[in-house]
Number of protein chains: 2
Amino acid sequence: MKAAPEREVDRSVSQTVKAQLALRDQILSGSLRPGERISELQAVETTGASRTPVRMALVRLEEEGLLEAIPSGGFMVKAFSERDISDSIELRGTLEGLAARFAAERGVSARELEPLKECLAAIDELLRQVPISVDAFSSYVTLNARFHALLTELSRSPPLIRQIDRASALPFASPSGFVMAQSALPEAQQILIIGQEHHRVVIDAIENREGARAEAVMREHARLAVRNLRLALRNRTHLDLLPALARISSAATE
Amino acid sequence: MKAAPEREVDRSVSQTVKAQLALRDQILSGSLRPGERISELQAVETTGASRTPVRMALVRLEEEGLLEAIPSGGFMVKAFSERDISDSIELRGTLEGLAARFAAERGVSARELEPLKECLAAIDELLRQVPISVDAFSSYVTLNARFHALLTELSRSPPLIRQIDRASALPFASPSGFVMAQSALPEAQQILIIGQEHHRVVIDAIENREGARAEAVMREHARLAVRNLRLALRNRTHLDLLPALARISSAATE
DNA sequence: TGAATACCTGATGTATACAGTAACTGGGAC
DNA sequence: GTCCCAGTTACTGTATACATCAGGTATTCA
């Protein structure tokens with residue numbers, strides 16, 4: 001029973017992971033700007049790791065989709081248009097739809113659905129209070145992520161789970177990527193309520209083995225995230241919650 | 001104007017890529033067996049590259065889905081069940097369906113459809129001969145891959161194109177992964193003809209901006225590959241064309 | 001004054017040396 | 001005979017040194 005599980009990070013976590021997390025933070029916080037070449041030596045200084053783990057982290061971040069390889073060598077921060085992001089969300093929705101259909105078609109025991117229903121109830125509880133507090137929004141993000149993860153697992157398809165995980169790795173494409181960004185807007189509550197209805201329907205569809213319905217509702221569910229994205233971009237006041245978004249050029253939409 | 005563009009591979013291609021190709025070959029040819037831990041030092045000997053590029057290649061192959069990270073460190077060859085493979089194919093079909101829908105909904109100019117139609121005509125030409133020669137099968141694989149690549153491009157969605165590429169990276173999930181494996185079977189011709197019909201329909205659907213139709217036909221198209229997989233596994237005589245498949249345990253299907 | 005070339009600086013790609021840790025084997029004790 | 005512990009071995013993760021190449025700048029010539 002080892003003590004200090006918090007500060008042990010410095011030793012137990014590998015340098016590679018440390019560098020990866022640090023660099024991802026730098027990218028998402030906007031310290032590194034899109035199109036900018038990432039200098040390995042600079043990364044070595046800011047992350048504290050050596051060149052080898054830094055290179056490792058860069059390769060992983062490229063696979064993750066945050067970086068782009070430069071033909072002559074090295075990496076640069078990838079730039080995303082609004083269209084890229086909405087397409088990524090639609091893509092995730094399509095994959096989650098497939099997962100829901102698999103779950104419905106292949107059948108799921110009541111025991112497996114239990115945690116999903118608990119999650120559903122917890123979100124219901126959150127939404128009961130009006131207006132919804134900021135804390136509640138934060139809890140919603142956690143519970144929502146959990147719901148989506150559980151639902152994905154229901155497909156019992158490792159390749160699909162893997163792909164959904166990668167599709168959700170991009171923070172703007174993840175299930176609750178823009179929930180916080182619009183927590184102050186009046187439309188926010190309605191969207192959360194509608195989203196919860198989708199959650200309810202998909203569970204019902206899976207229980208009744210209605211594959212097409214389960215798939216369709218998950219696709220529509222993702223489009224809610226696209227709406228959140230639009231809202232967040234139109235009301236740029238709260239972009240400080242996701243600084244990387246501030247650089248998305250709306251002009252690049254079409 | 002440099003000479004010897006063939007044997008220049010030794011210098012122009014990076015050690016990392018060389019190692020990656022060599023290791024992938026070893027995995028797919030069956031030299032490295034599923035579940036087996038890959039020793040870096042051993043890989044250094046067989047590939048000729050140093051440890052650094054070998055490690056790089058291992059990370060990339062893991063992201064590609066051929067390897068699995070071992071918690072205590074290192075990598076092992078991933079094992080696939082028949083179900084894993086059919087799910088991967090269904091997954092690719094779903095993504096290609098999305099691409100076709102995007103193309104249909106967003107509109108495609110006649111000029112952009114031109115290369116698709118040329119490809120279609122070339123395959124038609126191939127299928128005219130009965131019975132189809134082995135050479136024709138080989139040409140079919142090339143043209144089919146080209147058709148799928150062009151279709152994917154039509155979506156004009158970089159994130160989607162990227163994901164489809166990754167989904168097709170697994171050789172068993174790629175569009176014509178099992179065409180060769182069943183080239184000697186009598187059902188083969190029929191399947192090729194049906195596949196070509198799908199190609200024809202998806203282009204027609206995109207031209208007429210029928211998104212749902214385009215999507216549906218691409219999904220069905222992928223299921224043809226699942227059928228090919230089943231055929232290939234039932235007639236294990238020709239598994240030598242894809243040695244890695246010989247290790248798929250049919251028992252692990254359910 | 002402008003363009004081209006040569007040199008130089010800084011980067012990445014590669015190789016290898018070192019440290020820490022996990023797994024395996026051999027021996028001993030119960 | 002079996003189980004457990006300790007020692008050893010060999011592997012991975014990390015750091016750093018070296019070579020090669022691309023890009024930029026300065027100088028020179030037209």
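Below, read A as the first sequence line, B as the second, and so on, with proteins coming before strands; counting in each chain starts at 1. Keep in mind that what you see is a predicted model, and the values were worked out from it rather than measured.
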### Message
Protein within reach of the bases, or only the backbone? For nucleotides 11-17 of chain D, mark each nucleotide 5' to 3' as B, S or -, using heavy atoms under 4.0 Å.
### Response
SBBBBBB
Enumerate, atom names and distances included, each donor-acceptor pair closer than 3.5 Å involving a side-chain atom of residues 47-58 of chain B, sequence neighbours excluded.
residue	atom	partner	partner atom	Å
B:Thr47	OG1	B:Ala43	O	2.7
B:Thr47	OG1	B:Ala49	N	3.3
B:Arg51	NE	B:Glu40	OE1	2.9
B:Arg51	NH2	B:Glu40	OE1	2.9
B:Arg55	NH1	B:Glu40	OE2	2.4

### Query
Regarding A:Ser81 and A:Asp84, is there a side-chain donor-to-acceptor distance under 3.5 Å anywhere?
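A:Asp84 and A:Ser81 do have a side-chain donor-acceptor pair below 3.5 Å.
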### Query
Which residue pairs pass the side-chain hydrogen bond (donor to acceptor under 3.5 Å, both in side chains) test when at least one of the two sits in residues 159-172 of chain A, sequence neighbours left out?
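As it turns out, the side-chain hydrogen bond (donor to acceptor under 3.5 Å, both in side chains) pairs with a partner in residues 159-172 of chain A, which skip direct neighbours, are A:Arg166-B:Glu63.
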### Task
May I ask you to decide whether A:Glu82 forms a salt bridge with A:Arg230, counting only side-chain N to carboxylate O separations under 4.0 Å?
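The answer is yes: the pair qualifies as a salt bridge.
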### Task
Taking the side chain as every heavy atom from C-beta outward, state whether B:Ile27 and B:Leu67 have any pair of such atoms under 4.5 Å apart.
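Side chain of B:Ile27 against side chain of B:Leu67, heavy atoms only: contact under 4.5 Å found.
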### Query
With sequence neighbours left out, what residues match B:Phe147 under ring-ring contact (aromatic ring centres under 6.0 Å, His included)?
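Scan of B:Phe147 (ring-ring contact (aromatic ring centres under 6.0 Å, His included), adjacent residues dropped) gives B:His199.
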### Query
For the helix from C:dT1-D:dA30 to C:dC30-D:dG1, what angle lies between the axis at the first five pairs and the axis at the last five pairs, to 10 degrees?
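Inter-axis angle at the ends, rounded: 10°.
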### Message
Among residues at least two apart in sequence or on other chains, which ones pass side-chain contact (heavy atoms from CB on, under 4.5 Å) with B:Ser155?
### Response
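B:Ser155: side-chain contact (heavy atoms from CB on, under 4.5 Å) contacts with B:Ala99, B:Phe102, B:Ser157, B:Leu160, B:Ile161.
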